[in-house]
Protein chains: 2
Amino acid sequence: MTRPSQELLRSISDEHVLRSLMSERKLTRAELATTTGLSKPTVSESVRRLVESGLVADTGERTPGGRGKGRVGSFYSLAEDIGVALVIAIAPDGITAECVDAYGDVVGRTHHPIADPAEVAAVLPSVAAETVAAHNVRLCTVSAADPVDRRTGRLVQLPDSPFLVGELDPVAVLGPLLHGPVVVDNDVNWAAQAEHAALGVADFAYLFLDEGLGCAVVSDGEVRRGHSGLAGEISHLITAGPSGATPFIEVFGELGLRRPGTTAIDVARLRTADPVVLARAIGGVVMALVTLADPEVVVIGGSWGPSLLGAIRDECARLPRQVDVVAASVASPSLTGARASALDQLRTALVTASR
Amino acid sequence: MTRPSQELLRSISDEHVLRSLMSERKLTRAELATTTGLSKPTVSESVRRLVESGLVADTGERTPGGRGKGRVGSFYSLAEDIGVALVIAIAPDGITAECVDAYGDVVGRTHHPIADPAEVAAVLPSVAAETVAAHNVRLCTVSAADPVDRRTGRLVQLPDSPFLVGELDPVAVLGPLLHGPVVVDNDVNWAAQAEHAALGVADFAYLFLDEGLGCAVVSDGEVRRGHSGLAGEISHLITAGPSGATPFIEVFGELGLRRPGTTAIDVARLRTADPVVLARAIGGVVMALVTLADPEVVVIGGSWGPSLLGAIRDECARLPRQVDVVAASVASPSLTGARASALDQLRTALVTASR
DNA sequence: CACTCTAGTTAGGGGGCTTGCCTACAACGG
DNA sequence: CCGTTGTAGGCAAGCCCCCTAACTAGAGTG
């Protein structure tokens, strides 16, 4: 447990000041006093400390810009070089990299198309190196379109499931390039996190129906990843197929909807398939989700999932327990979720750095 | 966010002192200083405050009891009347009530057998009233052998599932009798909490196989109850039955293992059934659990579950993803879990009361 | 040029925690 | 019996954190 030291109070004051600057970008000491609720002398002291430690800087800007009379005040903000977070999304068709600063602004963005998943291992370090050279990167979040081992951060292949990105150890590749932690997670988990922020619902399930099949369970406001991080890898869940009980992924095989030579689902051809048969299989998955996770709502995402929303709803209406089914609402959800988490981690990292 | 006040430091000191007294029962101020890591004057001040507020009392006991030389010290402990938590387990065959004090000691225990579930509503208030009269009851946890609505605390019947205890609103019955919160949860969830404390595993699933069928999912160290509290109500999960895909509970119906006239499973007759058929059905449930929750281990509990452990393990060995299967190890797990939670809540309630 | 109004500083008070030293007092040994 | 030893607890001083209140600094305004 925490010790009751005076230093604790100081660090709480500093955290108040830093978080205010993160959300308001620039403030005078007087403004800081009102937004934080601290007294003016306390704020002045805190600002003095933070400037000295290099986290905060005088912007040089002064108040009177039509703001009225009175003495001029000095605007303070986070230091220029305070650092950013790197956000990387690895999909079969390419790698997207972004930098977020502590204000939540995206300060850089690149996309590298990839023809073959095998290129990922080669392209990834160069993408990262480019960003690291230009910014003070303090941490990194990675979204990958494959199951991620929770402890190692490695991409893992589950038997007979689509394996889109392929063998990769992002922590080993990226870790040495920057000085902070590298957090890797499955794209569906990140997407669910983004959807959670948008929906404001504490308990829901996210069904991701794309080239790969995924699912994330959000319980008590957090994505629950399970022991190895493989919670929600639903390819092998037994559900209703055209010929009886079948693993979910096999339903697509039986319908001839998997791309030959790869493990992925053929999304183009899928659009011509019978929605009722697909919805029946999806309904079986929803039923298992409702039974085991009891979501308030099931969110359907992925490139082709939402197009079946009506059929899925009809199917779910026949289930013994009712649940709301809605379409995902966040654009590029995986990147959004990874970015939000990166921002959050960056901010706490900075606050902790002031201690 | 918290404000950086000196009162915060004081309350941290008080919490240290209180928690030390909770785990050590009686301590002198000098001993408190060493166990808490605070200085003697700080401890003395804190003890003075806590005695004044009535939470702590001088026991009257003095040190020299063969402890050596030196000046006599005064032993302090939590005040006698500081309060207890009431723990109630409602099962089809009876109601058990316990009182736990802040040390974790069970200071009272009664069991009221019940012939018919309908008696519960009548017996419950008298059981509670008895305890409330004898103790300063500050809160209550209730374990019930039926699904519990998370928001209201009411027992709910799911279509066609065993409904053992029957209609009941423990919060309405018990709430008026005491001055603190009443927390109601399903017996399986409490059992999983007890098993969690014993196992020390953060992510596991608990399969409870008794007159009713239940399951709890522990993720990131907490029981995850879902939106309505119905997560893990597996009676309707589709699994492998003797004649193909069947809801879990129907497997027992098809095998003639449900007690006629009730919704419960006939445990006595079940022991004569083919373990392989049962294990196959259970294997289907385990597979869904592994897929959606990714537990490190599946714990098998309930009156008849562990007796099938071997058959269940054999069945699980055939699943595409492997998982450890072990038998539950905690005796009267529901009561144990509810008691542990009650103790925890009682302690935090007392700590908060000192603010 | 006095007045007004805001930003920031200074002074002082209250209080929490620590260190260091002191007193009280029981047991022990010569 | 009396000095020694060792522990419980108290007291004083010091540090420092936050607060309020009053003051200074400095730019507009009439």
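By convention in this document, chain letters (A, B, ...) are assigned in the order of the sequence lines, proteins followed by strands, and residues within each chain are numbered from 1. Only heavy atoms go into these numbers, but all of them, side chains included; no hydrogens, no water, no symmetry mates.
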In whole angstroms, the gap separating P of C:dG15 from CZ of B:Arg48 amounts to 11 Å
Which pairs, protein N/O on one side and nucleotides 17-21 of chain D N/O on the other, fall under 3.5 Å?
{"unit_1": "D:dC17", "atom_1": "OP1", "unit_2": "A:Arg10", "atom_2": "NH1", "d": "3.4"}
{"unit_1": "D:dC18", "atom_1": "OP1", "unit_2": "A:Leu9", "atom_2": "O", "d": "3.1"}
{"unit_1": "D:dC18", "atom_1": "OP1", "unit_2": "A:Ser13", "atom_2": "OG", "d": "2.4"}
{"unit_1": "D:dC19", "atom_1": "OP1", "unit_2": "B:Arg3", "atom_2": "NH2", "d": "3.0"}
{"unit_1": "D:dC19", "atom_1": "OP2", "unit_2": "A:Ser39", "atom_2": "N", "d": "3.2"}
{"unit_1": "D:dC19", "atom_1": "OP2", "unit_2": "A:Ser39", "atom_2": "OG", "d": "2.8"}
{"unit_1": "D:dC19", "atom_1": "OP2", "unit_2": "A:Thr42", "atom_2": "OG1", "d": "2.6"}

Sorted by number, residues from residues 16-25 of chain B placing a heavy atom under 4.0 Å from DNA chain D are none
Identify each atom pair where a protein N or O and an N or O of nucleotides 28-30 of chain C are less than 3.5 Å apart, giving names and distance.
none

Here the pair of heavy atoms bringing B:Pro4 nearest to A:Ser13 is CG-OG, 3.4 Å
Rounded to whole Å, CZ of B:Phe75 lies from C1' of D:dT7 at a distance of 12 Å
The reported gap from CZ in B:Arg10 to CD1 in B:Ile12 (rounded to nearest 0.5 angstrom) is 12.0 Å
Can a donor-acceptor pair be found, under 3.5 Å and without considering hydrogens, that links the side chain of B:Asp101 to the backbone of B:Gly104? yes
Considering only NZ, NE, NH1 and NH2 on the basic side and carboxylate oxygens on the acidic side, decide whether B:Asp58 and B:Arg48 come within less than 4.0 Å. no
Residues at least two apart in sequence or cross-chain that pass salt bridge (Lys or Arg N to Asp or Glu O under 4.0 Å) with A:Arg355, listed by chain then number, are A:Glu15
Separation of D:dA8 atom P from B:Leu32 atom CG, nearest Å, is 11 Å
To the nearest angstrom, the CZ-C1' distance between B:Arg62 and C:dA27 comes to 19 Å
- Query: With the threshold set at 4.0 Å, does a side-chain nitrogen-carboxylate oxygen contact exist between B:Asp220 and A:Arg150?
  - Reply: yes
Under 4.0 Å between a side-chain N/O of A:Arg29 and OP1 or OP2 of C:dT9, yes or no? yes
Check: For D:dT7, does OP1 or OP2 lie under 4.0 Å from any side-chain N or O of B:Thr28?
Finding: no
Separation of D:dT7 atom C1' from B:Arg71 atom CZ, nearest Å, is 9 Å
Applying salt bridge (Lys or Arg N to Asp or Glu O under 4.0 Å) to A:Glu61 and not counting sequence neighbours gives A:Lys26
Report task. Side-chain contact test, heavy atoms from C-beta onward, threshold under 4.5 Å: evaluate it for B:Tyr103 versus B:Leu78 and give yes or no. Result -> yes
Separation of C:dG16 atom P from B:Glu15 atom CD, nearest Å, is 17 Å
B:Asp14 meets the salt bridge (Lys or Arg N to Asp or Glu O under 4.0 Å) criterion, sequence neighbours left out, with B:Arg49
| said: Could you check whether B:Ser329 and B:Glu195, counting side-chain N and O atoms only, form a donor-acceptor pair closer than 3.5 Å? | reply: yes
When rounded to whole Å, the CG to C1' distance for the pair A:Asp58 and C:dA7 reads 13 Å
Distance-only side-chain donor-acceptor flag, B:Ser341 / B:Gln345, under 3.5 Å
yes
